[in-house]
Amino acid sequence: MTYHEGDPAFRVLAIKCEHQVPESVDPPITPVPLVHEEVYTNAPRQTEERDEETLKTISHTPTMVENELFYVDFEDGDRQNPVNFSPARKWAITINACAFTGIVAAAASSYTMGYSSMIGDLDCTLFQATLGFSVFTLGFAFAPLVTSSFSEEFGRFPFYIVSSFMFVLSEVMMALAPNVQVVIIARAIGGCFGSTGAILVAGTIADIWLPHQRGFPISLYALAAIASSGLGPMVAGWIEANPSLQWRWIQWIQAIVSGVCSISMLLILRETRSTVILARMVRQVRKDTGDGRYCTRSEANKPSLMSMIATSCTRPLRLLFTEPIVQSFSLWIGFVWGVLFFLLDSVSGEFQNIYGFGVGETGSVFATIAIGSLLGYLVNIYQERLYKKHVHRKGQEARLYIACVASITLPIGMLIFAWTARPDIPWIVPLTGLTLFITSAFVIYQVVFIYLADCYGPYASSALAGQSLCRNTLSTIFPLFTSRMIDLLTYKWAGTVFALIAAIMIPIPYILFFYGSRIRVCSPISQKILEIEAEQKNPDLEKS
C-alpha cells in the first residue's frame, strides 16, 4: 500500500488503554466512533530518516496522543470501508453470494430425485440413500460453529473461495462414487463446505449494507435459499427421468454450475470484513514506519483464536438454552424447517402413488416451492413498510406483524395439503396448500433472521448460529423417519399431526409481539447488549 502526503486513506487515532472493548466474537460490523475528540498533532517520529516520507503522511492525519497508542481507522467516506462500496459493487457482491446460497440449497434438495436410479446402481437401501440426504444438513448445523470464528479472524473472502471450490469437488466425488458409503461421505463434506459459504452471506450483507438498507438484500438471500430448494428438484426430476442421465448426471450438472459460480466469486467478490481490512492497513503502516504502536480497535484486548473458537462453539448454545426469545424462535423455525425437509423427501412418492405422476412430473411439483417463496418475498416487501411505519413505537417487535399472520396460515396450508391429496380431488388443490405452506415458511424464515439480529446486536451471529443449529439438526432428523411415519399413519394423518403441532406454536410470535420488550429487559444478556451499545454511542461513559 502506498501513501502520499494528504492521502485520506486512513486516520490514526490514539485512546487510553483503560477503555475496554467488549470481548466478543460478534463485534459490530461497521466501524464505530473510537475517541471522544480529535486534535491535530504530529505522530511520533523515528530516529531513522528512512521513514520520513511516511511519517509526513501520518502527521497530516487526525491523531490524538494520550498513552502513545495509535488506532488506525477509516476516513469518513473512505471507499475501502465496505459500507462505502459503490452500489454497483454492493449488489454484485450480494447477488454473487446469494447465487452460491441458491446452488447449495438446490444441491441439498435435488439429491432426493435420484433415489430410484441410485438404489439400483449402487445396490443400497432407501434408508442408506436417505442418510445421504440427512448428513448434508448436519454439516450446516455444526460446521459454522467453528468456521465463523475463522472468518472473523482471517476474513470472509478466503472462506467463500475455499468453500465454493471444495463444494465443487464434493459434487464430483459424489458423481464418481462407487458405492453408497462414498456418497454419504461426499454429502457430509458438501454440507460442511456449503454451509460455510451460505451461512456467511447474512454476515456479508451486514458488512456492506446499513441496518435500514438490509431488508431487501436479506429478502433476496431468503428467496435464493428457499426458492432454489424447489428449483433444484424440478430440474433434477427431468434429469432422473432420462435413462441416459439419471442420478450421476444430477451431480455432474450441479458440479458444473457450482464451478461457474466459484470462478465468478473469485473474480467479483471482495473482502467485506472491515476489521480484516483495517488489520491489513495497520500491518502496512507498521512496515512503513517500523513503529509497532499502530493498531486497530479490534486488536485491543483481542482473545486468542482458540478462545474465539471456544466462544463461538459455546455462546450459541448458551443463548439457545438461556434466552427465551432464541429458544422460542429456534424451536419454531426448527420445526418448520424439519417439515420442509419432510416434504422434500416425501412429496415425490405421494404424487407418484396417488396421482400416478412420473419422475419428471413429480419434479415439476417442486415449482410450488419457488412460487411460494416468490409470494413470501412480495409479502415481506409489505412487512418492510409496516416496520418503517411502526418501528418508533414498537421497536424490534415491528418486525413481527406478518409473522403473526404466517403462524396461522402455516398449519392451514399443511391441512389443505394433507386432506386434499386424494385421487378424487384434482392435484392442483393439494399443490395450493403446499404453496400456502411455503409462503408462510418463507415469511417465518426471514423474520427469524432479522428479528434475532435486531434483538441481539453484537451477539447476533451467535443467536443466529444457535437457531441454525436447532433448525438444521431437526431437518437432519425429520427425513430419517419420513417413510416409517407415512407407512404407519398414511400421508393424510402424518400431515395432520404436523399441522396440529404448528397450530400449537401459533402463540409464539404473538407473545413476542406484545411482550418481547419486557422479556428482553429481564435478560442479563440483553442488558449487557444495551450497555455495549450505550458505550459505543457515548465513549465518555467509561471516563465518567
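For this chain, numbers begin at 1 and follow the sequence in order.
In this structure, a donor-acceptor pair under 3.5 Å is present between the side chains of E397 and Y451. Using a 3.5 Å distance cut-off with no hydrogens or angles, the side chains of T204 and Y160 do pair a donor with an acceptor.
Between S86 and R79, the closest side-chain pair of non-hydrogen atoms falls below 4.5 Å. Within the 4.5 Å cutoff, the side chain of W419 has heavy atoms near those of the W493 side chain. The side-chain heavy atoms of L245 and W238, taken from C-beta on, include no pair separated by under 4.5 Å.
Annotation for W252: atom CH2 counts as buried by contact number, over 12 foreign heavy atoms lying within 6.0 Å. For OH of Y382, the number of neighbouring non-hydrogen atoms (other residues, nucleotides, ligands) closer than 6.0 Å is 12 at most. Other residues, nucleotides and ligands place no more than 12 heavy atoms under 6.0 Å from the CZ atom of F514.
For the atom pair I402 CD1 and I381 CD1, the distance stands at 12.0 Å (nearest 0.5 Å). Between E171 atom CD and R187 atom CZ the span is 7.5 Å, to the nearest 0.5 Å. A distance of 5.5 Å separates CZ of F366 from CE of M113, quoted to the nearest 0.5 Å.
When the salt bridge (Lys or Arg N to Asp or Glu O under 4.0 Å) test is applied to D424, the partners found at least two apart in sequence or on another chain are R422. Every residue two or more places apart in sequence or in another chain that forms a side chain to side chain contact (heavy atoms under 4.5 Å, CB included) with T476 is listed here: S134, T137, L138. Under the side chain to side chain contact (heavy atoms under 4.5 Å, CB included) criterion, L131 pairs with V135, I184, L480, not counting sequence neighbours. L500 pairs by the side chain to side chain contact (heavy atoms under 4.5 Å, CB included) definition with T496, not counting sequence neighbours. With sequence neighbours excluded, the residues forming a side-chain hydrogen bond (donor to acceptor under 3.5 Å, both in side chains) with E240 are S117, listed by chain and number. Every residue two or more places apart in sequence or in another chain was checked for a side-chain hydrogen bond (donor to acceptor under 3.5 Å, both in side chains) with Y377, and none qualifies.
Formation of a donor-acceptor pair under 3.5 Å by the S330 side chain with backbone atoms of Q327 is not found in this model. Judged by distance alone, with hydrogens and angles left aside, the side-chain atoms of S110 form no donor-acceptor pair with the main-chain N or O of G232 at under 3.5 Å. E361 contributes no side-chain N or O that, together with a main-chain N or O of G237, makes up a donor-acceptor pair within less than 3.5 Å.
For F513 and Y401, the ring centers are positioned less than 6.0 Å apart. The aromatic ring centroids of F133 and F341 lie less than 6.0 Å from each other. The aromatic ring centres of W337 and F478 sit 6.0 Å or more apart. The ring of F417 has its center no closer than 6.0 angstrom to the ring center of F437.
F357 and W427 have perpendicular rings, their planes meeting at more than 60° on a 0 to 90° scale where under 30° would count as parallel.
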Task: Test log, rule ring-ring contact (aromatic ring centres under 6.0 Å, His included), inputs F136 and Y111 - done: CA-CA 10 Å; F136 190 92; Y111 170 83; 8.6 Å; no
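Applying side chain to side chain contact (heavy atoms under 4.5 Å, CB included) to Q128 and the options V183, V180, I119 leaves one that passes, V180.
Taking the ring axis of F85 as reference, the NZ or CZ atom of R270 does not stay both within 45° of it and closer than 6.0 Å to the ring centre.
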